[in-house]
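Notes follow the structure.
Because the structure is predicted, anything quoted here is derived from the model rather than measured. A, B, ... follow the sequence lines: proteins, then strands. Residue 1 opens every chain. Note that these values count all heavy atoms, side chains included, but never hydrogens, waters or copies made by symmetry.
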Amino acid sequence: MVDALVAALASVPGADRAAVERLLDTAGGSGWDLAIPVHRFAAAAKRPPRELAAELAAGLPATPGVARRFAVGAYVNFEADPTWLADRTLALVTARGATYGAAHPTGRTVCVEHTSANPNSPFHIGRVRNALIGDTLARILRAAGHTVTTQYYVDDIGRQSAMVTWIWSKPRSSWPPEIAATLDGADETEERADHWLGRPYPAVAAYVKSHPEAAADLGALCERLERGDAPPEHRRYCDAILGGMLDSLRRVSVTFDEFVWESALIHDGSVEAAVERLRHAPHFVREENGALAIDTASYDLPKEDERAVFLRGNGTSLYPTRDVAYHLQKFGRFERVVDVLGQDHLLHAKTLGALLAEIGEPRRPEFVLYQYITLPGGGRMSTRKGTVVWLDTLLDEAIDRARTEVRTRHPELPEGEAEQIAVAVASGAVRYHIVRVAADKAVAFQWEEALSFEGRSGPFVQYAYARATSLLRKAEEDGGAREADGSGGRLSTPSERELVRVLARFPSVLAAAARTTHVHAIAGYAHDLAETFNRFYQSTPVLKAEAERASRLALVAACRQVLGNTLDLLGLERLERM
RNA sequence: GGGCCCGUAGUAUAGCUUGGACAUCACAGAGGCCUCCGGAGCCUCGAACCCGGGUUCGAAUCCCGGCGGGCCCGCCA
C-alpha cells in the first residue's frame, strides 16, 4: 500500500520518493490510517497547500487496501480497507506466531555485557536497572535477528571484592567493633550468602578510609590477588556472594550466557599483552614514580591532568587496562559489542575509546548508558553508604501483596499454584516498573509505584494475556476452536479496527527498539496493546457473537500471541490465569 | 571551572534521532459502569511542553543563551 502511494505522490513537483516516505505518517488518528502533509510540496509548486491536498486526494488512483482518500486542510488522509488490513495482519500473526514482529536472522553476532556488579553485596534496586535494561535489550536484539551472547564481567581481584576477603579471613573476635556491629541481630543460617557476607562491607569501606594501616593491609591483599596469589578462601567468598546475587536476579528472570572473570584475564596474559601494546602507543608517557600512562591531551576527555594511567608504580594494572584486554577479547569473538553502563561510567567509556585508539584498534563498543534510580527522598543509593533498598526486599514485599490479591480473587486455587502466580506477578511488576522508563531519565524510587499491579504495570499486561487465554479456553470448551478461521473478514467495529492497527504496528515498534536500544518502547507498546485489548474486550462480545464469532476469536488469538511475544521480550511470565 | 545527561498536567511518564492537523499513557482527584466472555478492568471530566532568543509556512522536537536538577573530572571500579 505504501509503495503504491509513494509512486502516486512522487509525480508531485518537487517531491522525490525519499521525501514522501519520510513525511508519510503511519501513526494514524481517528478516521485515517495514513496521512501526509503537503505543505512542503505546495511551497515547491507555489500552490496553496489546501488546494494541492484537495487535488491530490481527488486525483490519486485507487490502491489495493485503501478504502478512502480525502483531504483535510493541508493533509491528504488515507483510510485502510478494514477487511484488507485485518486479514493481512491476522494471517501474518498466525503464520509467524512467536516470531511475529521479529526480523529474519541477520547472522550477526552481538555481545551484550551488562550488570557486571562487583561480588561484594546483594543487588539493590539501583543496580538492577543495569541488569534489567541489559537483559531486555538482549531479548530485543535476539528478536531483531542477531545471535546474542550476554556476558557478566566479574571483578574478583579489585579492591571491592578484596574487602570481603580481607575482613572475613580474620577471626571475628579480632574485628574492629564498628565492623563487628554490622552482624548484630543477624543470623548466618537465615541469610543468603550475598546478604550475610556483604553485611560488613560498608563498615569496612569506611574503616579503611580512616585507618592507614588497614588500608595498607588491604592494599597488600589487592597486590596478592593480582599476582594470582589469592588466599584460598577468596574464590570461595566470591563464588558464594556471586551465587547469591545471581539467585536474586533469577527471581526477575535474568540469567547470563557467560561469565568473564577478571582474574582470568590477568592469568592468561591478556592484560599483560594489552599493557605491552599500550607501552608502545604513540602517546605513551612514564610518570615520576614509574607508573605508565597515556597522554590523552589529543582526545576529547574532560580530565584535568589529561593522562590515563594504565599501570601503577607498583606494576599492577587498573580497571581501564583490564577493560582494554577484555574488549580485545570481545572484538575477537563478536561483530557487535554492546556495554550497558551507568552514567558515571561515561568518562571510563571515553577513556577506553582513547586507549583502544592508542593501540590501533579501530573498533569500539556501543554504550547504552542509563541514569540512576535514587532514594525516595532523592540522593543516591549506595551500598557503601548503606542507603539502599534491596531487590530481595522489594520482591518479598511485592510477593506478599500479590499473594493477598490472588487469595481474595481465587480462594479455590491450590496453594502451590496461587504462590506461583503471586511470584510471577511480583516479578513482572518489578521488572516492568524499572524498564518502562527511558534509560536516560533519572528515577526516584517510590514504593507504592513499584508495587502497583494496575495501570501502566507488568501485571496489567499479564492480565490482558490471561483474559485472552481464558476466552480462547472457553471457546474451545464450547467445541469452537475450529471456528477461528483466521479471517478478519467481519471485523468492523471501532475497537476491533483499532486493535488490528495496534497489532499491525508491532514489527516496526520492535525494529525501532532494537535500532535505538530503547527498551522502554517495548514496555510502552505492551501497555498500549493490553489497553486496546481491554477496551475491545469490554465493549465487544466474542463467545456470544453470532456471525462475528469466528473473526473475533481469531482476533483474540492474535492478541494473545502478540501480548505473549511482548511478555517474552520484557521477561515477564505468561500467566494462563491470575 | 570543564564535560555529559535530564527539565512535558498535582505526581509520574511517551513523543524529540527523521519538525506538521486537537501532545501519549498512568497514578491521584470528580462522576459513572454486575450488557455478556475474569472489575488487576471499562467509560466521562478537569489539568502540562522550564525561561528567552533564532531557523522555518510550521518548533515539545532543530540551533544559541540562560535557569533548575543529576552525574563525572582517582595510580577506585
Between the base of [N] and the side chain of [X], is there a donor-acceptor distance below 3.5 Å?
X        : N      : answer
A/Asn77  : B/rA21 : yes
A/Asn314 : B/rC75 : no
A/Arg535 : B/rC42 : no
A/Arg40  : B/rU18 : no

[X] [atom1] - [N] [atom2] separation (whole Å):
X        : N      : atom1 : atom2 : result
A/Asn120 : B/rA77 : CG    : C1'   : 10 Å
A/Tyr326 : B/rA77 : OH    : P     : 16 Å
A/Leu347 : B/rC4  : CG    : P     : 12 Å
A/His345 : B/rG70 : NE2   : C1'   : 16 Å
A/Arg577 : B/rG38 : CZ    : P     : 11 Å
A/Phe367 : B/rC4  : CZ    : C1'   : 14 Å

Using atom P in both nucleotides, what's the gap between B/rC5 and B/rA9 to the nearest angstrom? 22 Å
I'd like the P distance from B/rC50 over to B/rA23, given in whole Å. 15 Å
Centroid separation under 6.0 Å, is that true for the rings of [Y] and [X]?
X        : Y        : result
A/Trp261 : A/Phe259 : no
A/His114 : A/Tyr152 : no
A/Tyr525 : A/Phe506 : yes

Encoded 5' to 3' (Watson-Crick or G-U under 3.5 Å; [ ] crossing; | other strand), RNA chain B becomes (((((((..((........[.....)).(((((.......)))))....(((((..]....))))))))))))....
Which residues within residues 438-454 of chain A lie with some heavy atom under 4.0 Å of an atom in RNA chain B? A/Ala438, A/Asp440, A/Lys441, A/Ala442, A/Phe453, A/Glu454
Would you classify [X] as touching base, sugar-phosphate or nothing, given that sugar-phosphate means primed atoms plus P, OP1 and OP2, and contacts are heavy atoms under 4.0 Å?
X        : answer
A/Arg322 : sugar-phosphate
A/Val208 : nothing
A/Gln462 : nothing
A/Tyr463 : base
A/Gly73  : nothing

Can you tell me how the ring of A/Tyr372 sits relative to the ring of A/Tyr370, calling it parallel under 30°, perpendicular over 60° and tilted otherwise? perpendicular
Angle between ring planes, A/His348 versus A/His345, binned at 30° and 60°: parallel, tilted or perpendicular? perpendicular
What nucleotide among B/rC25, B/rC37, B/rA77 has an atom nearest to a side-chain atom of A/Leu318? B/rA77
Show me the side-chain donor-acceptor pairs of residues 435-444 of chain A shorter than 3.5 Å, one per line, residues at least two apart or across chains.
from: A/Arg436; atom 1: NH1; to: A/Arg456; atom 2: O; distance (Å): 2.8

Of A/Arg515 and A/Asp528, whose nearest nucleotide on RNA chain B comes first from the 5' end? A/Arg515
